[in-house]
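Notes to accompany the following structure.
Remember, it's 1-based here, ligands and their atoms both numbered in the order they're listed. When reading the values below, keep in mind they use all heavy atoms of this one structure, side chains included, and skip hydrogens, waters and symmetry mates.
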Amino acid sequence: MEFLTGVKQPDTLEIKELLAEDLAGGTVKVNGAIHAINDMGSVVFVILRKRDGLLQCVYEEKKANEEMKNLKEASTVEVEGVLAKDDRAPHGIELRIQNVTVLSEPASAMPLPISKWKMKTSLDAKLNYRSVSLRNIRERAKFKIQEGIVRGFRDFLYQQGFTEIHTPKIGARSAEGGANLFRLDYFHHPAVLQQSPQLYKQMMVGVFDRVFETGPVFRAEKHNTKRHLNEYTSLDFEMGYIESFEDIMAMETGFLQYTLELLKKEYADELRILNVTLPDASKIPAVPFAQAKELVAQKYNRKIRNPFDLEPEEEALIGRYFKEEYDADFVFVTHYPSKKRPFYAMDDPEDGRYTMSFDLLYHGLEITTGGQRIHDYVQLREKIAARGMTEEGLEQYLETFEHGMPPHGGLGIGLERLTMKLIGEDNIRETTLFPRDLSRLEP
Ligand code: AMO
């Protein structure tokens, strides 16, 4: 009988391993995709793309088994050769090829110049050939950074005693209100795709006290902008036994600090590839909504048209104001107007026109919404009634409160927006693997 006893140690090495031990002068085996072939006449450089970077291999006729003509860009290969130090090569090492085994060959020519440092290709072309364009080193690095953000979120919240949950994305009812719901037919019953895990994460506070989720959410927004997707990844958490919504902002500040450190330590290569300067989250200013509006109206000579809403341009100006006045990359805008917040938001006991909630702006773009929620059953039902909403579809949610809930609050962070701002892109599609927007349902 054959038994599987765990992960097999491969006989091929990754770049980190080639660097970690002093293997120079020895024979090693690696695998990878041929990213580029640069023919210099007497020698040919075969650049391998591996999961942790590029490896320069040197082909000299008569020293290697495979005829150069058999090697093509986009073939995947296994290469054996002598490892040598060379300061001019990426990572300071190169492999002098002795044996090449071709594992697979491409069936047609590469549609995009993926081996170029910057592809100089339109966003549309990059999205049309997504699985190919992402093989470009800079494109790939964006999503390693995105991985780092999610990893930071997870690691940090585990350390803070949160439980990771997974809630359904199809339901009878969603929480955020508005007209942006994808409706579907669920075995002849009307159903919706969830706009957020809001109702479920609150219900789970009654079970675990502190929960988080990273997952897809759906918004049937019909506008075509650089910061909206119809499906995006939401980083959500919800925590009980808070004293005020400031506890939520403090937790988010801690998450950002932790994640920026993680990126600095573990994603230095990608930060260098993308030429990213990380923002400062050591202290983040917090300003009430009404005051933020006043400040930018005064400084930039603007008229306040609607005191209960923030226009995108005002958001950008708030970002600019706090950069200029406090050198701040982030700013919390607090106490959003009640009529701009969903029913679950807790109103400010001192002024019911506002809520105990906040947005986090990063260089003038909203990347987070959060706040304290209503935890009292009677108060919650009163607010639902006052909004002219029906309790239909909210029965289970309300039951949670009927049986007791602690004071609590939480937030939702748009992953693609945060990634976009962090790496200095200006279109959210650049930091979405497979964007869903008004015109794009594929790939
Ligand atoms: P909200 O609807 O403000 O709040 O969403 C939270 C964050 O998600 C991001 N975001 C988007 N990203 C891309 N495309 C979109 N169409 C889009 N819409 C929103 C933004 C935003 O700040 N339940 C609350 C959160 C909470 O209070 O816990 C909610 O979903 O970065």
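Under the salt bridge (charged side-chain N to carboxylate O under 4.0 Å, His left out) criterion, Glu425 pairs with Lys142, sequence neighbours left out.
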Residues 431-443, side-chain donor-acceptor partners within the protein, below 3.5 Å, at least two apart:
| residue | atom | partner | partner atom | Å |
| --- | --- | --- | --- | --- |
| Thr431 | OG1 | Glu416 | O | 3.0 |
| Thr431 | OG1 | Ile428 | O | 3.2 |
| Thr432 | OG1 | Ile428 | O | 2.7 |
| Arg436 | NH1 | Leu441 | O | 3.4 |
| Arg436 | NH1 | Pro443 | O | 3.0 |
| Arg436 | NH2 | Leu441 | O | 3.2 |
| Arg436 | NH2 | Pro443 | O | 3.4 |
| Asp437 | OD1 | Ser439 | N | 3.0 |
| Asp437 | OD1 | Ser439 | OG | 3.4 |
| Asp437 | OD1 | Arg440 | N | 2.8 |
| Asp437 | OD2 | Arg429 | NE | 2.6 |
| Asp437 | OD2 | Arg429 | NH2 | 3.3 |
| Arg440 | NH1 | Asn128 | OD1 | 3.0 |
| Arg440 | NH2 | Asp124 | OD1 | 3.0 |
| Arg440 | NH2 | Asn128 | OD1 | 3.1 |

Check residues 178-189 and write down every donor-acceptor pair under 3.5 Å in which the side-chain atom is one partner and the other belongs to a residue at least two apart or another chain.
| residue | atom | partner | partner atom | Å |
| --- | --- | --- | --- | --- |
| Asn180 | OD1 | Gln195 | NE2 | 2.6 |
| Asn180 | ND2 | Glu221 | OE2 | 3.2 |
| Asp185 | OD1 | His188 | N | 3.3 |

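For Asp52 and Lys50, the salt-bridge test fails: no basic side-chain N is under 4.0 Å from an acidic carboxylate O. Ion pairing between a basic and an acidic side chain is recognised when a charged N comes within 4.0 Å of a carboxylate O; Lys126 and Glu430 show such pairing.
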Could you go through Arg151 and Tyr267, starting from their C-alpha distance and side-chain angles, then the distance that decides it, and tell me whether this counts as side chain to side chain donor-acceptor pair (under 3.5 Å)? CA-CA 11 Å; Arg151 211 172 125 190; Tyr267 295 81; 2.8 Å; yes

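Every protein residue with a heavy atom nearer than 4.0 Å to ligand 1 is included here: Glu176, Ser196, Gln198, Lys201, Arg219, Glu221, Arg227, His228, Leu229, Tyr232, Tyr344, Glu366, Ile367, Thr368, Thr369, Gly370, Arg373, Gly410, Leu411, Gly412, Gly414, Arg417, Ile428.
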